[in-house]
Visitor: 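Got a structure for you, questions after.
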Amino acid sequence: MCNTCSNPIILGNHIKKQLIRSSSSVAANYRASCLTKTKKSSISKISIVIEEVDKSYF
């Protein structure tokens, strides 16, 4: 087991930072999907949003 995993405070901070990164990615990709010019591009961006949301939920 690594040192980071054995310290719950460090592990908690790591998870918080990851959730912040993931949520900002969701927001940025959703905005990008709204601004696309083609339906194909919009679907591609929305699929990234769904993937990031799934990662955050897990």
Visitor: Going by side chain to side chain contact (heavy atoms under 4.5 Å, CB included), Ile50 matches just one of Asp54, Val53, Ile48. Which one?
Guide: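 Among the candidates, only Asp54 passes.
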Visitor: Please output the side-chain donor-acceptor pairs of residues 24-34 that fall under 3.5 Å, not counting sequence neighbours, one pair per line with the distance.
Guide:
from  : atom 1 : to    : atom 2 : distance (Å)
Ser24 : OG     : Ile20 : O      : 3.3
Ser24 : OG     : Arg21 : O      : 2.9
Ser25 : OG     : Asn29 : ND2    : 3.3
Asn29 : ND2    : Ser25 : O      : 3.0
Ser33 : OG     : Tyr30 : O      : 2.6

Visitor: Going through the distances and angles, do Lys16 and Asn13 end up as a side-chain contact (heavy atoms from CB on, under 4.5 Å)?
Guide: CA-CA 5 Å; Lys16 286 180 203 174; Asn13 287 337; 3.8 Å; yes
Visitor: Suppose we screen for side chain to side chain contact (heavy atoms under 4.5 Å, CB included). Which residues come up paired with Ser23, at least two apart in sequence or across chains?
Guide: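 Partners of Ser23 by the side chain to side chain contact (heavy atoms under 4.5 Å, CB included) criterion come out as none, since no residue qualifies.
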Visitor: Enumerate the residue pairs fulfilling salt bridge (Lys or Arg N to Asp or Glu O under 4.0 Å) with a member in residues 35-52, sequence neighbours excluded, ordered by first and then second residue.
Guide: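 Applying salt bridge (Lys or Arg N to Asp or Glu O under 4.0 Å) to every pair that reaches into residues 35-52, excluding sequence neighbours, yields Glu51-Lys55, Glu52-Lys55.
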